[in-house]
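Working notes, beginning with the structure itself.
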Amino acid sequence: MNWPLAPILLPLLTALVTLFWGRSSLPRRWFVAVSATMQLVVALHLTADTVLGRTFVLGLGAWPAQFGIVLVVDLLSAIMLSLSALITLASVLYGYAETSVRLEHPLRATLTQFLVMGINLTFCTGDLFNLFVAFEIMLIASYALLTLEADDWDIKHAFPYVAINLFGSALFISACGLAYKLFGTLNFAEISLRAALLTGDFRLHLLALVLIVVFGIKAGLFPLYYWLPNSYPTLPIPTSALFAGMLTKVGVYVLLRMFATVLPHELTFAHTLLAWLAGATMVLAVMGAISRNFIRGILSFHILSQIGFMVLAIGFFTPLSLAACVFYIVHHIVVKSSLFLIGGVALRLNGTDDLDRMGNLWKHTPWLGLLFLFQALSLAGIPPLSGFWGKYLIVVVGLQEREYWLVGASILASILTLFSMLKIWNGAFWTVSNSVPLRTGDRRWVGMTTVVAGLTVVSLVIGFGAEGVLRIAMQAAERLCDQQGYAREVLAYLGKAGGNLSP
Amino acid sequence: MELHGINFLLVLGLPLIGSPLVALAGRRLGRRSGWLALAFPLISTAALLALAGGIGLPTRVVIEWPWVPSLGLGLSFLIDGLSIFFGLVVSVMGSLIVFYAIFYLDKDEEHQGRFYSYLVLFMGAMLGTVFSNHLVLIFIFWELTGIASFLLIGFWHGEADSRVGARQALLVTGSTGLAMFVGLVILHQIFGSASVSELLSGDLSSGKHSVLFTVAMLLVLVGAFGKSAQFPLHFWLPNAMAAPTPVSAYLHSATMVKLGVFLVARLYPVFVDHSWWAPLLGLIAFTTMALGAVLALLSHDLKAILAFSTVSQLGYLIGYYGLGPPDGVEHDYLHILNHVFYKGCLFMVVGIVAHAAGIRDIRQLGGLFPRLPLLGVTTLVAAATMAGIPGTTGFLSKEMMLKEIFEAMRARDELGLYATACVVLTSVVKVAFSVRLFANIFLGKKPEQVKQDFHAPSPWMQLPPVLLAACALLFGLFPGLLDAPFGALAVEGLNRPQHLALWHGFTKELLVSSLVLALGFGLYWLGEKTNWRWHHIPRWLRFDVAFEAGIEVFSKFTKVVTRVLRSDQPLDYLPIIVTFFVLLVGGRLLWQGSGLWGSLALDWGTVQPLRTLAAGLIALAVVGVLFLRRWTAQLISLSVAGFLTCFYFVLYRAPDLALTQILVETVTLIMVLLLLARFPRSAQVGEERRKPVRFRRVFHMLLALSVGGVATVLTLMVTANPHPSPIGRGFLEHTVELAKGSNAVNTILVDFRGFDTLGEITVLVIATLGCLGLLMRYKRTPEEYQQGPHGPPGSGAGEEVRE
């Protein structure tokens with residue numbers, strides 16, 4: 001029954017051990033890789049269990065759910081844990097392939113594991129304040145990673161990142177205070193029961209708006225996304241893949257959790273607001289992507305544009321659209337991370353990722369091109385790759401809900417996504433130029449490409465085996481919306497004190 | 001059923017699986033990979049014939065395998081006359097093209113495996129599209145054909161033309177495909193079924209009156225027009241000719257561009273009685289037809305002539321469906337087949353000529369007949385077919401078209417008149433450029449350059465065009481041969497097969513035909529007379545140039561948008577975000593309006609002087625931050641606010657919290673002061689220093705005030721009427737009993753919510769490590785720093801320097 005703690009404890013312990021291990025060495029690398037694999041195994045185990053209908057509830061300190069902090073792992077949490085473990089593993093292995101032991105920054109592994117701890121805690125926690133703590137762990141680790149290996153010229157991009165996220169944190173802690181006064185508790189399950197009685201209360205609507213701003217910053221909604229597009233390109237490639245894959249999706253996950261599980265479903269104003277912000281995000285961010293001329297810059301803006309699709313699905317707020325959101329998250333995390341990694345390989349081969357100075361890749365490294373083609377087309381939503389299914393469901397729901405403008409925006413964003421992917425393809429892969437170096441002599445790119453190939457296989461399986469993923473997503477969405485069931489499962493945890501304690 | 005399934009897997013599954021195999025084998029096989037690839041279309045053709053024989057046409061058979069049942073999407077395929085007809089066109093042409101390509105591609109051409117792999121993939125995608133029985137499945141394969149076409153057009157991707165052409169093709173067909181997709185989804189929602197066979201056989205009258213149905217039709221047609229290069233989206237097709245010639249012959253004349261025609265035919269029974277169907281298709285398609293023909297006459301590049309004439313012919317086909325009567329059209333298969341014969345043939349001929357002479361400009365060619373007699377005859381037949389001279393399928397096609405147009409003229413007034421004018425004009429122009437195509441390549445004097453560069457092509461390469469021309473001639477002379485297959489392939493609701501005959505007597509059509517021929521030759525003579533001086537495509541008709549310019553402008557526009565959104569102005573990020581928060585939450589508060597004040601917990605009686613004093617001092621300290629200029633003073637003022645907060649804790653009888661706060665404030669102040677004081681001056685060098693702007697200061701001040709105001713109002717609102725049973729009370733009551741400690745704050749921190757504390761300690765550890773990381777960073781020397789960034793963010797000194 002203590003399994004929910006494992007995804008948090010494992011990275012924490014790994015981080016501490018690597019911290020005291022000191023310098024990077026081959027055994028230390030093995031240790032981290034084994035730990036990352038273990039985390040993946042644990043997460044998959046949790047998913048396998050939760051997919052059968054089980055929900056793990058663990059009260060820390062064995063206090064009853066209302067009293068203490070509970071960790072709750074339901075299907076959605078387990079899926080997110082698996083994805084986070086998968087991407088971490090890929091990022092770690094890619095980092096090994098990219099950097100020799102001698103040059104590896106000793107703190108990168110430690111801080112990455114701390115970051116993973118924060119991310120995993122976000123997925124597991126069933127308590128609003130604990131969520132804040134999880135965000136703090138995640139954010140401070142991300143600040144540290146952002147500045148760890150940055151160049152003097154680039155480090156200034158970390159400043160807006162830190163400043164905006166600090167504002168978000170301040171807002172979040174205020175929201176926690178408001179929520180506590182309003183509901184008298186911070187436990188998700190308890191809040192959902194108490195909030196159901198406050199449905200008509202204006203204050204609830206205001207709280208929802210504040211939370212939209214808080215988590216909108218984290219997820220990267222327009223006009224709150226400014227911290228992202230210029231800061232991600234300054235990260236080392238493996239770290240940027242992890243950031244690109246997980247960090248904004250944490251925001252989407254929390255939005256899902258808040259609006260589907262915790263807050264009442266009648267907050268239509270908030271849902272509509274989310275949908276329109278999402279529509280603006282996907283169009284404006286993809287325009288930002290087109291305005292950039294280097295691979296990581298384009299990809300960074302694309303993260304935001306894709307966030308628009310996920311949040312749009314939340315905004316539609318039907319069972320099918322929530323399933324679409326879950327599907328989209330699963331697809332997006334894998335595809336986005338692998339695109340950053342592919343960009344990294346291209347950067348390594350050409351010595352730059354400025355599209356004007358790239359080329360020759362399709363001619364000499366067709367496998368890399370093939371991987372990019374699969375993932376880029378998937379990102380653009382070309383069927384039957386993984387990106388198509390989420391978009392398909394979103395279009396279906398949008399048409400059912402008669403949100404024609406938003407459907408139009410999503411189609412427009414897809415076309416522009418395709419356009420910007422073609423820009424990368426034509427610039428980096430198809431251009432043939434003698435003045436562009438191609439450093440295939442440096443064999444590191446083979447190992448790096450192998451790691452990406454692994455991720456691409458996962459994403460192809462998601463695309464072609466859409467049925468399986470879709471069923472899981474539908475089940476996850478269904479359980480996500482089942483507030484009564486969630487509260488029942490969680491509040492049934494009575495801990496050591498038994499049933500004789502009530503606040 | 002089992003047998004059909006296996007047969008069908010051979011038809012469709014094998015090419016899809018085979019494509020990557022060809023690519024893999026291509027590394028080893030090199031030039032010989034073509035022979036491997038040839039197996040796939042041949043097997044598909046054979047299996048398709050077996051399938052057609054097996055199901056006993058004209059029955060309709062659905063083969064289905066489950067795929068995504070949750071969405072009602074299966075691998076469902078509809079085998080009927082239409083799909084078998086198109087399937088055969090695709091696979092037979094595929095065989096001819098692969099055979100042709102084996103001799104067409106140079107020996108030293110790189111990556112032949114990839115080329116054949118794309119071709120086989122494309123064939124699989126085409127077969128998938130025409131056989132799909134599910135609307136979404138149609139879209140899936142439809143986009144796949146677009147991707148395969150993209151890769152094929154860009155096969156010679158070293159050339160900028162290829163890249164631009166490929167991108168244009170994919171953008172136009174891909175985005176119109178998405179429009180079509182939305183249309184198909186709407187159709188699904190209106191009729192509750194996405195199965196084509198159910199749509200064709202079911203009763204649809206209930207859903208046909210809604211506006212949505214019209215929208216769906218328009219969107220589906222956008223997709224069809226994009227793929228079939230209809231005006232004003234026709235421009236991508238000529239640019240797609242950057243592809244190797246076998247690709248142009250296969251994709252961009254015989255098969256892929258006919259997908260739009262196919263879609264129109266497939267959904268013909270669903271849409272035909274819509275009142276917009278005929279005018280829409282008629283106007284656009286016949287305009288395309290006439291425009292394409294004129295542009296073909298104005299072009300000089302051999303492939304461009306053929307490309308524009310393909311555009312024209314596609315308009316002809318779609319327009320034909322547009323004017324068709326509700327119970328079905330008569331000769332659509334004839335028109336399509338006719339086009340496949342002569343256009344496939346001509347493309348291959350042009351490829352051979354360009355190959356042999358090394359020239360593609362028709363003005364520089366001539367006199368090749370003695371060198372290439374067989375090809376000359378072939379071209380003569382194909383050009384005659386294109387021109388519609390009696391004895392070829394082209395003549396039949398034109399006769400039948402004229403006949404139907406004359407009928408339509410009676411039924412549809414202006415539209416019929418417009419169509420007739422377009423058809424006659426097109427026919428005349430077509431005759432002219434057909435004659436030109438033959439005469440200016442094969443007759444006349446041979447230019448010097450041709451004499452020098454000419455080398456004889458392989459005779460095998462000439463086989464496929466000869467076969468196609470022979471078919472055009474054979475069926476043109478004995479049209480009765482076509483009756484039986486067309487009869488068998490007829491689909492209910494779409495086709496009403498009629499007997500075909502060469503001679504119809506002295507009819508109006510014959511008269512017009514002869515007139516057209518005479519005029520066409522006259523036009524050609526005029527062109528020769530004037531040496532084709534007036535021949536160039538006017539700039540306002542260069543839609544492709546406009547499209548590329550549009551892309552340029554759009555790219556600039558995105559830069560403007562990004563600039564307007566202040567994406568690269570870090571100092572504006574936070575103000576934007578804060579403004580959004582204030583507008584959203586504050587706006588919502590004001591929206592609520594009058595009832596607001598009542599809901600706040602404003603009880604002036606409970607105001608305590610001491611607390612008010614503390615609060616006032618805090619406010620004063622914060623205002624100090626706004627007005628002080630030096631950063632040291634600002635920092636101290638800010639921490640005064642922090643220290644005063646301790647006072648507040650004391651008033652609430654929480655000395656331990658106050659103590660903590662004092663410690664935190666002290667340590668923070670000292671650390672920040674130390675750090676900032678030691679901030680290296682070198683980092684400021686080269687940075688632009690921003691002048692403080694008064695407006696900005698005032699704006700920030702207002703912003704800060706409004707955030708404070710909103711936060712205050714929110715706090716007052718929730719404290720006015722807090723939840724009656726907060727969990728905190730439970731902690732207070734049970735702390736001794738449960739946690740054996742009388743200080744509830746302590747028991748919460750270390751016991752009830754000890755996990756939070758663990759997390760916060762972790763935060764402190766990470767923060768320390770982050771600072772350590774900052775100290776460990778590679779620092780540029782001042783000289784390096786002066787050089788500025790080396791490129792986009794992240795490509796600074798980084799690894800190269802460390803290595």
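Order of the sequence lines sets the chain letters (A, B, ...), proteins ahead of strands, with each chain counted from 1.
The contact between A:L209 and chain B is made by backbone and side chain atoms together, counting heavy-atom distances below 4.5 Å. Only the side chain of A:L393 comes within contact range of chain B, with at least one heavy atom under 4.5 Å from a heavy atom of that chain. Contact annotation for B:I140: both backbone and side-chain heavy atoms come within less than 4.5 Å of a heavy atom of chain A. The parts of B:F150 that come within reach of chain A are both its backbone and its side chain, each placing non-hydrogen atoms under 4.5 angstrom from that chain. When heavy atoms are compared at a cutoff of 4.5 Å, B:V765 approaches chain A solely by way of its side chain, counted from C-beta outward. Contacts between A:L139 and chain B at a heavy-atom distance below 4.5 Å are absent for every atom of the residue. For chain A, no part of B:W142 is nearby; none of its heavy atoms comes within less than 4.5 Å. Of the atoms belonging to A:D201, not a single heavy atom falls under 4.5 Å from chain B. Heavy atoms of A:I137 lying under 4.5 Å from chain B belong to its backbone as well as its side chain. Only the side chain of B:V136 comes within contact range of chain A, judged by heavy atoms closer than 4.5 Å. At a 4.5 Å heavy-atom cutoff, B:L144 makes no contact with chain A through either its backbone or its side chain. If you measure heavy-atom distances from B:Q189 to chain A, the contacts under 4.5 Å come from the side chain alone. Contact annotation for B:I748: neither backbone nor side-chain heavy atoms come within less than 4.5 Å of a heavy atom of chain A. For chain A, the nearby parts of B:V763 are the backbone and the side chain; heavy atoms of each come within less than 4.5 Å. Residue contact with chain B, scored on non-hydrogen atoms closer than 4.5 Å, involves the side chain of A:L12 exclusively. Contacts of A:L182 with chain B are made by both backbone and side-chain atoms, with heavy-atom separations under 4.5 Å. For a residue to count as touching a neighbouring chain, one of its non-hydrogen atoms must lie under 4.5 Å from one of that chain's; by this rule A:I140 touches chain B with backbone and side chain alike. Interface residue B:F557: only side-chain heavy atoms are found under 4.5 Å from chain A. If you measure heavy-atom distances from B:R563 to chain A, you find no contacts under 4.5 Å at all.
Of the listed residues A:S100, A:A150, A:A144, A:P229, the one with more heavy-atom pairs under 4.5 angstrom with chain B than any other is A:A150. For the set B:G146, B:S555, B:P69, B:G177, the count of heavy-atom pairs under 4.5 angstrom toward chain A peaks at B:P69. By number of non-hydrogen pairs under 4.5 angstrom with chain A, the leading residue of B:P722, B:P66, B:G154 is B:G154. Ranked by heavy-atom pairs shorter than 4.5 Å toward chain A, the options B:D756, B:L772, B:V718, B:V561 are led by B:D756. Across B:V707, B:V585, B:D568, the residue that shares the most heavy-atom pairs under 4.5 angstrom with chain A is B:D568. Most heavy-atom pairs under 4.5 Å with chain A, from the set B:E159, B:R114, B:K559: that is B:R114. Contact count against chain A (heavy-atom pairs under 4.5 Å) is highest for B:L774 among B:L774, B:L758, B:V215.
Within the 3.5 Å criterion, the main-chain N or O of A:W430 finds a donor-acceptor partner in the side chain of B:H157. Between the side chain of A:E467 and the backbone N or O of B:S70 there is at least one donor-acceptor pair closer than 3.5 Å. Using modelled atom types, one side-chain atom of A:R203 and one backbone atom of B:N721 make a donor-acceptor pair closer than 3.5 Å.
In this pair, A:W63 and B:F752 present their aromatic rings tilted. The plane angle is within the 30 to 60° band. Using cut-offs of 30° and 60° on the angle between ring planes, the pair A:Y392 and B:F181 is tilted.
Note that B:R753 lies outside the cation-pi zone of A:F67, set by a 6.0 Å cut-off to the ring centre and a 45° limit from the axis.
Considering all non-hydrogen atoms of both residues, A:I8 and B:F755 come closest at CG2-CZ, 4.2 Å. Minimum heavy-atom separation, A:V133 to B:G759: CG1-CA, 3.7 Å.
When ring centroids are compared, B:W156 and A:W362 stay outside the 6.0 Å threshold. The ring of B:Y573 has its center no closer than 6.0 angstrom to the ring center of A:Y225.
Contact of the B:F581 side chain with the A:L224 side chain is not registered, since no non-hydrogen atoms from C-beta on lie closer than 4.5 Å.
In this model, no donor atom of one side chain and acceptor atom of the other lie less than 3.5 Å apart for A:S291 and B:T558.
Atom NZ of A:K423 has more than 12 heavy atoms from other residues, nucleotides or ligands within 6.0 Å.
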